[in-house]
Amino acid sequence: MESLIILMILIILGYFCGTWFEKKHYKSINEREKAFITMPTITAKTIDINQSDVENSQLVYGSVVISNDYFKQILASLRNIFGGRVKSYESLVDRARREAVLRMKEQAPGNTTIIINVRLETSAIGSNANKKNTIGSIEAMAYGTALTLKI
Amino acid sequence: MKYTPGIVKENVNISKESPVYEFFILLSGLLLIILGLYFILGFAINIIVPEISPELENILGKNLINRFEMPENSGKRNKSLQDFADNLQKKCINLEYNFILHIVESSQINAIALPGGHIVVFSELIDTIDSENELAFVLFHEMGHFANRDHLKGIGRSIVFIAITSLLLGSDNQLVNLMTQGIQLGENKFSREQEIAADEFALRSLNCFYGNTAGAADFFNKLADNEKPSGFIGKYYLTHPESKNRAAHLENYSNAQGFKTQGRLIPVPENIKQEHD
């Protein structure tokens with residue numbers, strides 16, 4: 001009986017807190033994306049400029065770890081049985097990637113003109129995430145080369 | 001080539017459907033599958049169990065008893081209880097079992113029926129009873145489980161349940177926890193019905209042995225004094241019916257069958273009640 005109540009509380013808590021944190025995070029992501037819109041980031045390895053025009057180039061990266069909540073975890077393990085899109089984890093990965101890109105931009109020097117050769121990586125932290133009493137988290141990492149061009 | 005920065009307006013990477021809706025659809029789907037399998041296999045057990053011969057059951061029981069590390073069937077107290085049970089069986093029970101009685105030191109007021117005719121009586125139960133009639137009722141009750149073969153059905157259903165949930169979900173899953181609790185509620189109802197059936201069997205046998213059913217309700221009335229009311233929801237969590245209701249049912253059943261409910265209560269034989277060895 002007690003374990004059922006605890007599980008229910010965790011699921012309900014997970015749903016409400018998880019949704020609240022997610023909304024808050026998306027609000028922050030949207031605002032920061034708007035603020036950084038003037039800093040282009042592209043996946044191309046090279047751009048067509050003279051080397052002599054480059055004032056500074058450096059590696060920039062941003063990484064973030066986001067944990068899933070109990071509700072998402074239970075929903076995902078139900079999905080595991082039937083198959084199909086694990087919708088509960090979609091927002092998790094989306095948030096992690098966008099946050100990582102933002103952090104990468106935040107790490108770039110203020111006078112950065114462009115970040116080229118941007119790459120994204122994801123990994124699961126706590127690989128035994130399916131085991132009892134462990135909650136899995138996702139790490140997203142974005143890295144690229146920040147170029148400052150002479151004006 | 002001109003670079004055009006853009007702000008995400010419509011996020012295509014996230015599904016818009018409500019996760020709560022998804023949760024309930026998946027959970028009910030899973031519950032339906034498990035319940036379906038459970039009933040089919042439970043049904044199969046009800047067909048198979050009556051076919052298990054007492055000899056086969058003895059073999060099953062032997063393994064089980066060894067696992068429980070039952071004490072050797074020795075000691076004067078145990079022997080007295082064994083003689084008493086043999087006497088009960090000889091006079092009033094026509095079952096193909098050689099009942100083997102075990103007294104186990106424990107603070108629980110309980111007795112268990114295990115495959116192969118093994119009846120385990122916890123010492124606290126013997127300390128609680130006040131008359132031989134009560135003891136006879138408890139032993140008849142356990143024999144009633146053998147008559148209805150509840151001991152095999154119970155074990156069979158538990159195994160089926162554990163097997164299904166582990167197969168579907170893996171043994172180490174929180175969902176198993178959720179399911180176990182849910183299905184246990186249904187199982188408890190089944191178990192409560194078995195208890196009532198065994199009570200009625202015990203009552204009939206008690207009437208056969210003593211010519212009256214005095215003492216049967218006493219045991220439950222005593223238990224009821226120590227029992228907290230379980231309330232509207234709590235009662236679904238009981239594997240046994242509430243003692244107060246059992247006592248009331250016993251009286252109703254006695255009256256309906258025309259049994260004499262009053263009679264002389266025989267004291268518990270000294271060597272069963274007091275001797276601790």
Side-chain angles (χ1 to χ4, degrees), chain A residues 1-8 10-12 14-15 18-19 22 26 29-31 33-42 44 47-48 70-82 84-95 97-98 113-114 116 128 130-135, chain B residues 1-34 37 164-185 187-188 228 230-239:
Chain A
M1 180 68 180
E2 292 90 45
S3 56
L4 185 68
I5 293 175
I6 292 172
L7 190 68
M8 287 312 237
L10 283 175
I11 291 176
I12 294 169
Y15 176 69
T19 313
E22 190 161 290
Y26 266 125
I29 288 175
N30 287 332
E31 281 166 7
E33 277 180 347
K34 263 182 209 155
F36 275 107
I37 194 125
T38 49
M39 188 189 283
T41 41
I42 58 171
I47 48 169
D48 190 18
Y70 239 83
F71 177 76
K72 281 191 165 63
Q73 202 183 356
I74 292 278
L75 200 50
S77 52
L78 277 170
R79 259 290 161 228
N80 249 330
I81 299 163
F82 296 102
R85 283 177 293 152
V86 187
K87 291 174 203 157
S88 62
Y89 282 180
E90 286 174 347
S91 61
L92 217 60
V93 181
D94 182 63
R95 274 155 65 200
R97 289 197 171 135
R98 285 165 74 179
T113 322
I114 190 168
I116 62 164
N128 51 358
N130 282 327
K131 293 236 175 82
K132 217 177 173 181
N133 299 330
T134 46
I135 294 258
Chain B
M1 191 179 69
K2 193 171 165 277
Y3 176 82
T4 326
I7 287 289
V8 176
K9 286 194 189 86
E10 185 74 27
N11 195 344
V12 291
N13 294 319
I14 298 172
S15 303
K16 288 283 172 285
E17 287 107 77
S18 157
V20 180
Y21 175 74
E22 190 191 359
F23 180 77
F24 280 109
I25 291 288
L26 292 180
L27 196 66
S28 16
L30 183 68
L31 262 177
L32 272 179
I33 293 171
I34 290 185
L37 281 172
I164 293 176
T165 44
S166 311
L167 262 178
L168 270 175
L169 307 163
S171 56
D172 216 14
N173 193 304
Q174 295 105 323
L175 269 176
V176 175
N177 207 343
L178 195 74
M179 299 285 143
T180 318
Q181 305 260 355
I183 288 179
Q184 198 61 48
L185 291 184
E187 196 59 354
N188 285 352
K228 279 184 243 153
S230 47
F232 179 70
I233 295 172
K235 70 178 178 196
Y236 292 102
Y237 280 92
L238 297 174
T239 53

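Naming: A, B, ... by sequence-line order, numbering from 1 per chain.
Both the backbone and the side chain of A:R85 come within contact range of chain B, judged by heavy atoms closer than 4.5 Å. For A:Y26, the part lying under 4.5 angstrom from a heavy atom of chain B is the side chain only. At a 4.5 Å heavy-atom cutoff, A:T19 makes no contact with chain B through either its backbone or its side chain.
Between B:L26 atom CG and A:I74 atom CD1 the span is 12.0 Å, to the nearest 0.5 Å. With values rounded to the nearest 0.5 angstrom, B:L27 atom CG is found 8.0 Å from A:I11 atom CD1.
Residues A:F82 and B:I33 approach most closely at CE2-CD1, 3.7 Å, considering heavy atoms. Of all heavy-atom pairs spanning B:N13 and A:E90, the tightest one is O-CB, 3.6 Å.
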Go through the steps to decide whether A:E22 and B:I14 satisfy the test side chain to side chain contact (heavy atoms under 4.5 Å, CB included), and finish with yes or no. CA-CA 12 Å; A:E22 190 161 290; B:I14 298 172; 5.8 Å; no
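Shown here is A:K34, whose NZ atom has no more than 12 heavy atoms of other residues, nucleotides or ligands within 6.0 Å.
At a threshold of 4.5 Å between non-hydrogen side-chain atoms, the residues B:P19 and A:Y15 count as touching.
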